[in-house]
Each structure stands twice: as structure tokens, then as C-alpha cells.
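Keep in mind that this is a model prediction, so the values were computed, not measured. Naming convention: chains lettered A, B, ... in sequence-line order (proteins, then strands); numbering from 1 in each chain.
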Amino acid sequence: MPELPEVEVVRAGLEPAVTGATVSSVTVFDERSLRRHNGPSEDFSYRLEGAGFTGASRRGKFLWLPMTGGAEALVVHLGMSGQVLLRDRETDDRLTRIRLDIHHPVHGDLRLNFVDQRIFGSMSINDYVDTVDVEGQRVPRQVAHIARDPLDPYFDDARFFGQLARRNTGIKRALLDQGLISGVGNIYADEALWAAKIHYDQPAATLSKARAKTLLAEVRLVLGKALAEGGTSFDAQYVNVNGASGYFSHSLNAYGQQGRECPRCGRLIVRETFMNRGSHFCAFCQRLRLV
DNA sequence: CCCAGACCCTGTAGGC
DNA sequence: TGCCTACAGGGTCTGG
């Protein structure tokens, strides 16, 4: 998916519609979208129907709607192709895997369609655990192993640098490790590495503290900028809750730009396969540095 | 523990 | 037109 900016756009779009709303009915069209729910689909529906939502929260690429009573939340992960579309009660969407009809005291009858082509995403009902680093803060159990994202005020920069210094793996692999830093995916990893002039396979531990700081700053910059532009969409697959696309694809410097000129030096951006994905970079600006 | 790779899925685009 | 391949923004599990 959807990386941090796109998930945040969805969260922000859902918040006013779900806060204070109650669930009228649940329809599960494809049980595979409940892979991460601990129990059968009947259990999922039973827990939701009649329950209310009290808000919309996020950590990294995980999204959840806290439920009334405070003991459970509806956890949503969009995977590679998931969407949550906010509709009226008459609207259906192709590839809807789960449908939630809800009622909001102000906005009336609404429908949430969880659409997911590849079914890497999921919905589930989850209980909470305390966070290990901030007293009084809880997250759904399923999210507990996910690190804070770099826009989270409690993100610990020093701890992140310390962990990088102990990793021998390539820096991009580390950036994509959601247990280290969350919310960064393939697009924004490539963009931040391009901006910081770092090769994707540079061993994390060989980065100087200064370059690591630059990289984290660029990660924050690119995530923030994408968020301001409503996220990145190349097609109708990545949209906000109203089905509209973001504009950040116009601002990409490296991702998907193979064969085009590097905006900094004019040489061609190349694409290499890495981790079953593409890595896009400028081989001149972003060179492996031997230590 | 760390690390690399395989795997989970479907739909679409492009080459032949 | 149809067939085939490559490709897609993620997470998790396993074996070394």
C-alpha cells in the first residue's frame, strides 16, 4: 500500500465518519481478508454488530478503530492493494472483501467498503497491550511489534541510530524493517535514499552518524511532503476514503523514474531488483562506499 | 539474535 | 483476439 502518508490520509478521512458511529451490519464476502482475525467470520461480525467506534488511530501502516468499552479495536491493514471507501448505503465497489454498514448520529447511514485486490491486507478485532516506551499508551496486540513511525512525537532518534549501527544489512532493508522504523515502504525508501545520496545496499552499520541523521531527516521530509499532497497514487488503486487520488506522484525523483534523468545530475535513473521489489536510484549520486 | 529468501494473492499491462 | 510474462506501494515465516 499504501505507506504512511496514504494510510494517514485514510485515517484522517475515516475519523469524522466513524467517531461516535455504531455498526449496523457486517458482511464478509471473502474470509481470506480475516486471516489475521483470531476466530471465524461469525465471531468477527458478532463482536462488531452493535458496537461503536470512538476514533481512528494509526501506527506506521497499521490503522485501527477503537471500539466502545475500551477493550478492543478493529484493526485494518491495507497490505499492497487495500482501500477503505466511505460510501452511502447504496454504493458497492468491485473487489469489496468486507462491508460495514454504520450509523452516525450526525452523518446518518454510511457504508465502509474494505476493498482489496491482492488480499494481502486484513481486518481483525484485537485486544490491547501497553506500549513498552510510553506509560499509559496502548496499541492493539497485533501492532505491538511495530516500531513508532518517524512522525510520531515519541520516535526515539538515538535508539534508531544505535540500531542502525548494529545492522550489517543494506540500509534499504533496514528502512523497510517495520520493527526498526515504521511507515516507510518502497516508494519513500527510494525517495529518501535518493535525497540523502545513499546507495540502497550500503550496509547500515557503515553509515556515519551524520549521514544517518541526514537520511532520517530526508525520510521525515518526504513523508511530510507526500502527506501534504494527499499521498502518492499512480492509478485508482491508491485513493482516499472518497476514492480520490493523491498528487505526490508528480514529485517523485527516483521511484519509477528508471530511464529518466536524475533531477540532480542528469544521468539516468536505474532500476535493480531487490527484495522481490524494484530499487530505483542514480548510480552516480548514490554510490556504494567501501569502508 | 540476525539475515536472506520464499511465500501469501489477484489484476493489469505489454509483448508476441 | 488470446496467451504469456512481468509487475505491483506489504508482512510474515522459515532455514541457515
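Atom-to-atom, CZ of A:R35 to P of C:dT12 comes out at 10 Å; the value is rounded to the nearest Å. When the P atom of C:dT12 is taken as reference, atom CZ of A:R277 falls 12 Å away, rounded to whole Å. Per the geometry, CG belonging to A:L175 stands 15 Å off P belonging to C:dG9, to the nearest Å. Remark: P of C:dG11 and NE2 of A:H145 are 8 Å apart, rounded to the nearest angstrom. For the pair A:R118 CZ and C:dC7 C1', the interatomic distance rounds to 8 Å; values are reported in whole Å. Rounded to whole Å, the distance from CZ on A:F274 to P on C:dC7 is 16 Å. Straight-line distance from the CD atom of A:Q83 to the P atom of C:dG9: 16 Å, rounded to whole Å. The nearest whole Å value for the distance from the CZ atom in A:R36 to the C1' atom in C:dT12 is 8 Å.
A:K172 and A:S279 share a side-chain donor-acceptor pair at under 3.5 Å. In this model, no donor atom of one side chain and acceptor atom of the other lie less than 3.5 Å apart for A:S24 and A:D101. Side-chain contact annotation: A:E229 with A:S251, donor-acceptor N/O pair under 3.5 Å present. Defined by atom type and a distance below 3.5 Å, a donor-acceptor pair is missing between the side-chain atoms of A:Y128 and A:E72.
In this structure, A:F114 and A:V84 approach most closely via the heavy-atom pair CD1-CG2, 4.2 Å. Closest approach of A:D177 and A:R167 over heavy atoms only: OD2-NH1, 3.0 Å.
Remark: the separation of the C1' atoms in B:dC8 and C:dC4 is 22 Å, to the nearest Å. Using atom P as the reference point in both C:dA6 and B:dA6, the two lie 15 Å apart (nearest Å).
Using Watson-Crick or G-U wobble geometry with both donor-acceptor distances under 3.5 Å, C:dC7 finds its partner in B:dG11.
Of the residues in residues 164-173 of chain A, those placing a heavy atom less than 4.0 Å from an atom of DNA chain B are A:R167, A:N168, A:T169, A:R173, in numerical order.
Backbone-only engagement by A:L95 is indicated by non-hydrogen atom pairs under 4.0 Å involving sugar-phosphate atoms exclusively.
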Report task. Evaluate the criterion side-chain hydrogen bond (donor to acceptor under 3.5 Å, both in side chains) for residue pair A:S33 and A:D30; output intermediate values, then yes/no. Result -> CA-CA 6 Å; A:S33 291; A:D30 197 322; 5.3 Å; no
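The phosphate of C:dG9 (OP1 or OP2) has no side-chain N or O of A:K61 nearer than 4.0 angstrom. Phosphate proximity of C:dT12 to A:H77: absent, as no side-chain N or O sits under 4.0 Å from OP1 or OP2. A close approach under 4.0 Å does occur between a side-chain nitrogen or oxygen of A:Y255 and OP1 or OP2 of C:dG9.
Rounding to the nearest 0.5 Å places CG of A:L180 at 6.5 Å from CZ of A:F160. Rounding to the nearest 0.5 Å places CZ of A:R289 at 7.5 Å from OG of A:S208. Atoms CZ and CD1, on A:R264 and A:I269 in that order, are 8.0 Å from each other to the nearest 0.5 Å.
Reading DNA chain B from its 5' end, the first and the last nucleotide to sit under 4.0 Å from a heavy atom of chain A are B:dC3 to B:dT12.
Of the listed nucleotides (C:dG11, C:dC7, C:dG9), C:dC7 has the atom at the smallest distance from the side chain of A:R271.
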